[in-house]
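Data block below; observations after.
Below, each value reflects all heavy atoms present in this structure, side chains not excepted, and no hydrogens, waters or symmetry copies. Sequence lines set the chain letters: A, B, ... in the order given, protein chains first and strands last, and positions in each chain run from 1.
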Amino acid sequence: MAANDVPLDDKAKRMRDLLSSFYSPDPSMSSSSPKLASLDSINTASFDANQYMNLLVQKSNLEVLLKRHVEMAAEIKNLDTDLQMLVYENYNKFISATDTIKRMKSNIVGMETNMEQLLEKITSVQSRSDGVNTSLFEKREHIEKLHRTRNLLRKVQFIYDLPARLGKCIKSEAYADAVKFYTGAMPIFRTYGDSSFQDCKRASEEAMQTIIRNLQGKLFSDSESIQSRAEAAVLLKQLDFPVDSLKVKLLEKLEQSLADLELKIEKLEPAGEDSSNLYQGGSLVDNHEDSVWEFSEAVRAYLVIFPDSKNQLISLSRDLLSRHFEALQQYVHERISSADLVNILKIIWTDVLLLDNVLEEAGLPVVSLEAAQVVVKKYISSKFSIFQQDISDSLVGPKERVEEYTLQVALETGKKTVLQGSMDALLDFRLLLDDKLEPVVNLRDLIIDYVQEGFQGFFRTLYDCFVLLSEKKSASEQGLKEMAQSDKALTGLVLVLSQISVFIEQGAIPRITEEIASSFSGGGARGYEYGPAFVPGEICRRFRSAGDKFINLYIKMRTQRISVILRKRFMTPNWIKHKEPRDVHMFVDLLLRELEAAGSEVKQILPQGIRKHRHSDSNGSTASSRSNPLRDDRLGRSNTSRARSQLLETHLAKLFKQKVEIFTKVEYTQESVVSTIVKLSLKSLQEFVRLQTFNRSGFQQIQLDIQFLRLPLKEISEDEAAVDFLLDEVIVAASERCLDPIPLEPPILDKLIQAKLAKG
Amino acid sequence: MQGASSGIGYGLKYQARCISDVSADTDHTSFLTGTLSLKEENEVHLIRLSSGGTELICEGLFSHPNEIWDLRSCPFDQRIFSSVYSSGESFGAAVWQIPELYGQLNSPQLEKIASLDSHEGKINCKTVLVLELHRLLVTSKLQYPTECVIWWPSGKQDKLISIDQEKILLWNIDCSKKIAQAYLQVQSQESTGMLHYLSGGAWDPHDVNALAATCESSVQFWDIRTMKKTNSIECTHVHDLEYDAKKNHILVTAEYESGIHIWDLRMPRVPMQELPGHAHWTWTVRCNPQYDGLILSAGTDSTVNLWLSSSSGDGMVESPTRRSNPLLNTYSDYEDSVYSVAWSSREPWIFASLSYDGRVVVESVKSYLSRK
């Protein structure tokens with residue numbers, strides 16, 4: 001810049017550069033730094049002579065070079081001169097500095113004597129001033145004494161004037177001055193009040209009594225401004241008046257008003273039940289608001305009047321709040337909608353805001369948030385318990401009212417209640433979520449969690465409730481015959497429960513999950529390690545097992561009833577002395593009737609399965625029953641030549657027959673349930689037969705009964721093979737337990753069966 | 001299911017219903033079983049588990065005059081056992097002595113020590129208890145099915161109980177004189193006022209005077225000193241029951257349809273635990289003599305189930321997994337209903353099961369014990 005902007009003399013510029021490079025060790029500080037970059041500049045630290053030469057030789061012709069040479073020689077000479085000059089200048093400066101130091105040394109020599117003179121003079125000044133002091137001392141003391149006397153006299157004058165002055169103050173209501181005067185005079189009264197100033201004291205005390213009375217009146221009157229009331233309180237305190245008792249009195253008054261306030265709320269809330277319209281623009285709300293406003297104003301006043309009563313006020317207002325919420329909690333146990341809840345919360349919240357303005361330290365919003373949280377939680381849980389009650393009512397209730405209340409209807413209502421109820425509940429909770437009220441908004445996450453948890457808990461308890469319902473039936477089942485009627489209803493109920501469980505698993509839970517996912521996602525106040533509160537998988541699992549459990553229970557109950565019939569049939573007669581069979585025994589009818597009853601129940605509720613169409617061709621003729629030839633052969637053989645390998649034969653027969661799976665898993669179809677019952681009953685029949693010993697007629701009776709059963713049972717059951725197998729097994733068991741197993745001739749069998757059919 | 005069983009099989013010639021552990025045999029693990037054939041000559045098999053535990057050897061084969069409905073080995077003399085038999089028309093019960101074996105396996109006659117007489121009604125005898133019976137002979141003619149004969153489960157006790165449908169008989173058996181004397185009996189109607197057929201019973205191993213008997217709608221408890229009913233539990237159709245040998249006051253019952261219940265007799269109103277039992281009837285239950293809470297049940301669905309009851313053993317930590325599934329294993333390798341199972345008292349991790357087709361299967365539950 002130096003080169004461009006200011007056309008400095010070349011020499012001067014170089015001088016400056018040199019100097020600056022000398023005084024600042026940092027070369028980059030030099031002013032010519034921008035120019036350093038170019039190669040042909042000579043005055044830089046990074047100057048490369050060779051490069052410069054090359055550049056120069058390449059760039060210029062001889063003439064220029066020569067000229068340059070001359071220039072350079074001149075420049076070099078100049079530089080030498082400059083250098084020399086610099087050295088001289090510096091040397092000069094050194095010499096002048098040495099001279100200055102020499103001069104300073106000679107100047108300092110005379111200073112010490114001057115100082116000694118100065119000290120002498122100061123000492124003489126001090127002794128003189130001491131003399132003046134002592135001479136004036138006596139006079140000053142006298143003046144002071146006079147002054148004190150005067151002050152004392154003034155005070156005495158003041159005391160004598162005090163009653164009159166107080167009276168004046170009362171007249172002008174300048175209580176503050178009066179109190180100030182009186183407290184000023186207090187020490188004197190205390191010391192001399194009994195002697196010289198007796199009258200004076202009495203008079204002023206009387207005046208003060210008046211003042212105190214006035215002040216009290218002022219304090220209690222609501223019409224006075226808060227400021228003046230506060231002042232009165234302060235003054236009273238200054239007069240050592242027991243202010244605390246006053247405070248207590250006032251606070252009691254406040255508390256009473258609190259009770260009034262609460263009463264109003266209780267009056268208010270039942271009204272909400274009738275119609276929530278009352279809340280909108282209803283005068284009740286206004287009333288309530290006014291009184292709360294009054295309360296808050298009072299609190300404000302007391303806060304100013306008695307600054308130390310803050311704690312009590314805080315507890316008072318908290319008390320008010322807790323009463324609010326207690327009432328609300330009571331209320332929540334009833335059937336209310338979210339709108340009602342929100343309305344009441346709204347009222348409470350306005351109260352809270354009002355009070356919070358006055359009494360910030362009470363932390364009312366925080367407290368009320370907590371309380372609101374509890375209330376909302378309770379609300380949700382009570383909602384669920386009501387819902388559950390609805391469901392169990394819908395399952396149990398109507399049956400008592402209407403006799404011909406069919407299972408199908410029960411199932412449908414049950415399903416509807418579950419689904420509709422949970423949808424309604426969700427809708428209701430959503431209303432709560434959508435509300436813009438501040439506490440509700442703050443609680444949003446929590447509400448979501450509560451709802452999810454609520455559903456989880458709800459289904460868990462619903463499961464328990466189902467189990468309880470089904471057990472009620474088991475208990476009554478052990479009762480006597482009178483129970484038969486309700487017993488019957490209960491088997492149906494168990495079946496309905498089973499189907500509802502399935503429905504909940506397959507229908508309701510997915511819907512609810514969807515709904516929750518769409519409008520109740522988020523939450524997460526519980527922390528992620530616990531996962532979401534609502535775990536549809538777990539509930540599905542639970543209800544799937546419940547469905548199985550109930551259907552199995554149903555089958556068990558049904559087979560138990562059949563067992564009773566069979567037990568009676570087989571345990572009662574003496575089989576060893578059985579008479580020749582004349583008719584199919586009537587237990588067959590009972591058995592079939594039971595199966596029919598089960599069938600009709602099942603048909604109402606369970607879906608139809610895909611029937612395996614393997615209708616036997618042995619339609620009609622009973623003689624051609626499909627039993628395996630080996631056994632026919634054996635049965636046909638005379639009893640005397642029974643081989644001791646009879647057992648072996650049975651085993652062989654089993655080997656050749658495909659093993660029939662009797663105890664298969666039950667499916668939710670009419671056929672599966674009925675045929676499971678049939679199979680279990682037949683197995684029981686077989687076991688009963690095995691416990692008896694038969695004579696020939698007994699055996700034949702069994703043969704006849706079984707033959708009769710064969711056809712209808714195969715009609716009922718889907719698993720014909722198993723039924724056939726089991727019926728055969730019964731006959732085998734009977735023949736094994738028979739002393740003389742000779743079967744009936746097929747024509748006779750046929751005839752007896754036809755007779756029975758004709759009869760029946 | 002776990003069909004591939006490691007069980008050791010043994011076949012009887014005929015159908016059979018009962019198997020008993022020979023608990024008095026301390027040198028071998030042996031079982032006694034008897035056939036149930038109406039028309040053939042019935043046999044009693046003494047089966048011994050070979051020392052390697054891989055084979056079942058027939059140690060003795062004895063002919064028994066009638067079909068055997070129940071069989072119990074004497075707890076203190078391995079050569080004595082009781083049986084309940086039926087001759088088709090009538091039932092009877094007897095105490096037998098196995099003759100000395102001289103190495104041959106021919107089918108020698110059993111020596112009848114005692115037959116339990118004076119069951120004039122139906123005897124559905126299932127169990128008998130005896131103490132000192134040597135060459136004692138008693139016979140009985142029983143018109144009614146005898147349900148059981150019960151031996152006092154442990155220690156020497158010269159008493160035996162037999163139960164028929166209508167009464168309980170306490171026998172005092174004097175072995176030296178070969179007589180069995182029924183010195184106390186009780187009619188079941190006496191106490192109940194209603195005719196309830198007794199169907200079986202069990203003798204409390206912890207209290208020689210306590211007896212549990214099953215009837216149609218309840219389990220009754222009798223004090224055999226006074227022959228008075230002391231208590232009863234309401235539960236229908238109990239088919240079999242047994243006291244827990246290890247723990248006092250614990251009774252396990254098997255009911256036809258309702259599975260297995262475990263009762264604490266101090267709180268007889270509600271069962272302590274309920275096990276689901278079998279797909280069809282649960283026929284019998286046996287508590288393991290050694291390991292707490294290990295219960296074996298057999299049923300007419302041709303399976304044997306091994307349970308671990310969680311409420312056993314107060315000191316045990318109830319882990320939720322075990323609680324959720326008390327069923328340890330199902331042995332399903334049977335062709336027909338299983339009516340009888342017996343734990344070995346010598347090697348309590350071994351049990352023998354008998355299905356109706358006469359197949360004895362001995363299994364070890366060792367692998368489940370280690371899991372405990």
Side-chain angles (χ1 to χ4, degrees), chain A residues 474 477-478 480 545 549 552-553 555-564 566-567 571 574-577 639-640 642-648 650-651 654-655 659 662-666 676 679-684 686-688 690-695 729 732-733 735-741, chain B residues 1 11-17 35-41 66-67 69 86-91 122 124 143-145 165 197 199 216-218 234-237 239 255-259 270 274 276-281 283 299-303 324 330 332 335-337 339 356-359:
Chain A
S474 307
E477 198 181 30
Q478 289 183 356
L480 296 168
S545 75
K549 187 179 156 173
N552 283 324
L553 184 62
I555 289 171
K556 198 168 115 185
M557 286 161 64
R558 279 288 166 195
T559 39
Q560 261 171 3
R561 293 158 68 97
I562 291 172
S563 262
V564 171
L566 293 178
R567 188 187 307 275
M571 292 310 194
N574 189 351
W575 286 97
I576 208 95
K577 291 176 180 154
N639 58 333
T640 48
R642 278 168 331 213
R644 74 197 318 268
S645 59
Q646 177 184 340
L647 199 63
L648 183 74
T650 324
H651 288 182
K654 273 185 185 166
L655 271 182
K659 194 178 176 186
I662 306 168
F663 306 107
T664 48
K665 198 185 171 312
V666 186
T676 306
K679 282 190 276 187
L680 286 175
S681 304
L682 287 179
K683 181 69 187 169
S684 302
Q686 180 198 7
E687 294 296 337
F688 277 122
R690 279 183 179 178
L691 286 173
Q692 302 301 328
T693 309
F694 303 92
N695 64 0
E729 282 289 300
V732 170
S735 77
E736 278 167 0
R737 295 301 310 159
C738 179
L739 295 164
D740 182 23
Chain B
M1 291 199 167
L12 300 182
K13 221 188 276 178
Y14 308 116
Q15 289 169 333
R17 272 183 182 271
T35 60
L36 180 85
S37 173
L38 201 55
K39 288 153 268 186
E40 309 298 329
E41 191 179 15
N66 296 101
E67 57 171 4
W69 283 84
S86 151
S87 62
E89 289 183 48
S90 62
F91 276 80
K122 277 193 187 177
N124 286 349
Q143 282 87 7
Y144 295 101
Q165 283 194 345
Y197 288 135
S199 58
E216 268 168 45
S217 61
S218 65
E234 287 297 319
C235 52
T236 43
H237 306 314
H239 189 265
E255 284 139 54
Y256 278 127
E257 273 104 356
S258 336
V270 224
E274 214 170 313
H278 290 259
H280 194 233
W281 296 349
W283 194 268
T300 49
D301 58 349
S302 311
T303 57
S324 63
T330 294
S332 55
E335 292 292 322
D336 209 333
S337 306
Y339 293 121
Y356 191 56
D357 53 8
R359 217 165 87 83

For A/L680 and B/H280, the nearest pair of non-hydrogen atoms, with its separation, is O-NE2, 3.1 Å
Atom CD of A/Q686 and atom OG of B/S337: how far apart are they, to the nearest 0.5 Å?
5.5 Å
Between A/K683 and B/D336, the two heavy atoms sitting closest are NZ-OD1, 4.5 Å
A/E736 vs B/L38 side-chain heavy atoms within contact, under 4.5 Å
no
Please report the C-alpha distance between A/R690 and B/Q15 in whole Å, then the side-chain angles of each, then the deciding distance to 0.1 Å, and finally whether the side chain to side chain contact (heavy atoms under 4.5 Å, CB included) criterion is met.
CA-CA 11 Å; A/R690 279 183 179 178; B/Q15 289 169 333; 5.6 Å; no
Contacting region of A/R737 [heavy-atom separation from chain B under 4.5 Å]
both
Of all the heavy-atom pairs spanning A/L691 and B/W69, show the shortest one and how long it is.
O-CH2, 3.6 Å
Do side-chain atoms of B/K39 reach the backbone of A/D740 as a donor and acceptor pair under 3.5 angstrom?
no
